[in-house]
Amino acid sequence: MNDVFEYRDDELVGDGTPLSKIAASHPTPFYVYVPRALVSRFRKLDAAFAGTPHFHAVALKANTQPALLRHLVNEGAGAEVVSGAELALALALGFEPSKIVFSGVGKTERELRAGVTANVAMLLVESEQELRMLDAVAARAGRRASVALRLNPDIDAGTHRHIATGIKTAKFGVDPEQARALYAAHREFPALDFVGVHSHIGSQITALEPLAANARILAEWVRSLRDIGIELRYVDIGGGVGIRYHGERAPSFVAYAESVIAPFADLDVTVVTEPGRILFGPVGAFVVRILYVKRVHGRDFVVVDAGLSDFLRPALYGAYHRIVPLRRKRGAARTVDVVGAVCESSDVFARDCTLVAPEPGDFLAILDTGAYGFVMSSNYNLRARPAELVIEDGRSRVVRNAETEEDLVARELAGGG
């Protein structure tokens, strides 16, 4: 299993609570999270960086559920945001602006203005045009904005091509030559303070060497920029540390920290990380119910009451997620495809999944869905988005109600088209 959900007497439990008990009283599908496990993971990550000036800017794109994020605010976490709405949410939840970094390759003028007004720790800039727009926005506001350029170091992190962000074919960041020219021309931007440098090379990275190589490159940038009179205070090493979905050997928090801290030992900078999946992934499960079991051309299909509109990763990335029953059965196992209800052939949660005697009405859990789960849901096929629940003190509670068909129809009709 993972370190959050496990079997006890053939019942899948989260924080000691059987998920079958929750499914009996809450309509499926739904996401369920264990906040205590999230806090534990954050504390372990933070302890691994002890002794090094740092803060962890939690990636809100991984999970925006306030019932989880409030715990991280209380732990002193920062936030990495990629839109104006994520920034507004972070501020409303109480994340300190001095620990917020604003990422994104396509920030609008309005979003840049919001970042300047909030006085975030850094706006992470990804092009010369964005840099010039930000300088103008800050000047009109009578403020100075703190910035870091996002480098694209052309490091292959060995991850899926859709989540590899630091290679030369990716849209993210600026190449080293352009970055040097822009840092050297910093006096041309009177409303900007160049306070940091940033690079994020991808997601679901399970090998430490690409992360360590990125840190070494950033450390050299700090030294070279100081040679031309730019004293950086922050180095944002990004996030992207992977978790174990299917046999991967994911690095420990301590091993990760040791590999990326070392290059900055003598530089007197604050190291910023952007953890997302590594915190949220294992603390969530997506619970679904079997509708039908059928056989087509000799292949067995288990059809569940959810689809790619609820959980997109398998269809988008071919991502693997373990699927297990809420109540373990005894008997002969069958090899089946677990598929969704959306009218797309890619709506498949798992191929060649092993289940024992799957039957209509059985509940299944799709594990490690706390990151990039609900946040990527949609209303495709005009399907209502699912509920979100948390387990606390042995009880479950709904923290986001499921949408209803009535909600969706009323919204469609509201425009009067």
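- Leu308 places a side-chain heavy atom less than 4.5 Å from the side chain of Ser346.
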Verdict with supporting geometry, Asn152 and Glu126, side-chain contact (heavy atoms from CB on, under 4.5 Å):
CA-CA 9 Å; Asn152 183 324; Glu126 303 209 25; over 6 Å; no
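- By the 4.0 Å N-to-carboxylate-O rule, Glu109 lies close enough to Arg140 to be salt-bridged with it.
- Between Pro275 and Ala57 the shortest heavy-atom distance is CD-O, 3.6 Å.
- Ion pairing of Lys61 with Glu86 is absent here, as no side-chain N (NZ or NE/NH1/NH2) approaches a carboxylate O to less than 4.0 Å.
- The number of heavy-atom neighbours closer than 6.0 Å to CZ of Arg328, taken from other residues, nucleotides and ligands shown, is above 12.
- In this structure Arg8 satisfies the salt bridge (Lys or Arg N to Asp or Glu O under 4.0 Å) test together with Glu6, sequence neighbours excluded.
- Of all heavy-atom pairs spanning Val283 and Leu38, the tightest one is CG1-N, 3.7 Å.
- In Arg144, the CZ atom is crowded: over 12 heavy atoms of neighbouring residues, nucleotides or ligands sit closer than 6.0 Å.
- Taken from CD in Glu392 to CG in Asp15, the straight-line distance is 9.0 Å, to the nearest 0.5 Å.
- Applying the ring pair (Phe, Tyr, Trp, His ring centres under 6.0 Å) test to pairs two or more places apart or on separate chains, those with a residue in residues 250-271 are Phe49-Tyr256.
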Pair Glu130, Arg150 - check side-chain contact (heavy atoms from CB on, under 4.5 Å), show working.
CA-CA 12 Å; Glu130 182 187 358; Arg150 176 174 180 171; over 6 Å; no
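- Judged as a side chain to side chain donor-acceptor pair (under 3.5 Å), the pairs with a partner in residues 94-106 (not counting sequence neighbours) are, in order, Glu80-Ser103.
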Let's go through Val197 and Tyr183 carefully: what are the C-alpha distance in whole Å and the side-chain angles of both, what is the deciding distance for side-chain contact (heavy atoms from CB on, under 4.5 Å) to 0.1 Å, and is it a yes or a no?
CA-CA 10 Å; Val197 64; Tyr183 275 115; 3.6 Å; yes
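- Contact check for Ile243 versus Pro282: side-chain heavy atoms found under the 4.5 Å cut-off.
- Within the structure, salt bridge (Lys or Arg N to Asp or Glu O under 4.0 Å) contacts touching residues 256-275 (residues at least two apart or in different chains) are Arg223-Asp266.
- Side-chain contact check for Met376 versus Leu316: some heavy-atom pair is nearer than 4.5 Å.
- In this structure the side chain of Val271 never reaches within 4.5 angstrom of the side chain of Ile261, judged on heavy atoms.
- Expressed to the nearest 0.5 Å, how far SG of Cys353 lies from OH of Tyr320 amounts to 6.5 Å.
- Shown here for Val195 and Ala121, the closest heavy-atom pair between the two residues is CG2-O, 4.1 Å.
- Surrounding CD of Glu177 are more than 12 heavy atoms belonging to other residues, nucleotides or ligands, all under 6.0 Å away.
- Side chain of Asp305 to main chain of Arg289: a donor-acceptor pair is present (N/O by atom type, distance under 3.5 Å, no hydrogens or angles).
- At least one side-chain heavy atom of Asn63 sits under 4.5 Å from a side-chain heavy atom of Tyr33.
- Counting only N and O atoms by type, the side chains of Asn214 and His200 include no donor and acceptor under 3.5 Å apart.
- You'll find the side chain of Thr28 stays beyond 4.5 Å of the side chain of Val288, heavy atoms only.
- Shown here are the salt bridge (Lys or Arg N to Asp or Glu O under 4.0 Å) partners of Arg299, two or more places apart in sequence or in another chain: Asp337, Asp352.
- Shown here is Asp9, whose CG atom has no more than 12 heavy atoms of other residues, nucleotides or ligands within 6.0 Å.
- Looking at residues two or more places apart in sequence or on another chain, you find no ring-ring contact (aromatic ring centres under 6.0 Å, His included) involving Tyr234.
- Between the side chains of Glu344 and Tyr380, at least one donor N or O sits under 3.5 Å from an acceptor N or O.
- Across all non-hydrogen atoms, the minimal contact from Phe280 to Val58 is CE1-CG1, 3.4 Å.
- In this structure Asp362 satisfies the salt bridge (Lys or Arg N to Asp or Glu O under 4.0 Å) test together with Lys329, sequence neighbours excluded.
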Going through the checks in order, is the salt bridge (Lys or Arg N to Asp or Glu O under 4.0 Å) test met by Arg216 and Glu220?
CA-CA 6 Å; Arg216 292 193 295 269; Glu220 287 305 311; over 6 Å; no
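- Looking at Ser377, its side chain does come within 3.5 Å of a backbone N or O of Phe374 through a donor-acceptor pair.
- Residues satisfying the salt bridge (Lys or Arg N to Asp or Glu O under 4.0 Å) criterion with Asp300, sequence neighbours excluded, are Arg295, Arg334.
- Distance check, rounded to the nearest 0.5 Å: CG of Leu45 to OG of Ser40 gives 11.0 Å.
- Side-chain contact between Arg322 and Asp368: present, with at least one pair of heavy atoms (C-beta onward) separated by less than 4.5 Å.
- Residues passing the side chain to side chain donor-acceptor pair (under 3.5 Å) test with Asn379 are Glu403, Arg411, sequence neighbours excluded.
- Residues Ile323 and Leu355 share a closest heavy-atom pair of O-CD2, 4.1 Å.
- Under the rule for a ring-ring contact (aromatic ring centres under 6.0 Å, His included), the partners of Phe286 that lie at least two apart in sequence or sit in another chain are Tyr31.
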Between Arg36 and His71, does the side-chain contact (heavy atoms from CB on, under 4.5 Å) criterion hold? Intermediate values first, please.
CA-CA 9 Å; Arg36 187 166 71 171; His71 288 281; over 6 Å; no
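- A distance of 12.0 Å separates CD1 in Ile201 from CG in Leu151, rounded to the nearest 0.5 Å.
- Atom CG in Leu87 sits 10.0 Å away from atom CG in Leu60 (nearest 0.5 Å).
- No hydrogens or angles considered: a donor-acceptor pair under 3.5 Å links the side chains of Asp407 and Thr404.
- The closest side-chain heavy-atom distance from Asp10 to Arg327 is not below 4.5 Å.
- For the ring-ring contact (aromatic ring centres under 6.0 Å, His included) test, no residue two or more places apart in sequence or in another chain qualifies with Phe55.
- In this structure, CG on Leu19 lies 5.5 Å from CD1 on Ile391, to the nearest 0.5 angstrom.
- Within the 3.5 Å criterion, the main-chain N or O of Gly373 finds no donor-acceptor partner in the side chain of Arg313.
- The shortest heavy-atom contact between Leu291 and Val304 is CD1-O, 3.8 Å.
- Around atom CG of Asn74, more than 12 heavy atoms belonging to other residues, nucleotides or ligands sit under 6.0 Å away.
- Residues that satisfy the ring-ring contact (aromatic ring centres under 6.0 Å, His included) test with His321, not counting sequence neighbours, are Tyr245, Phe311.
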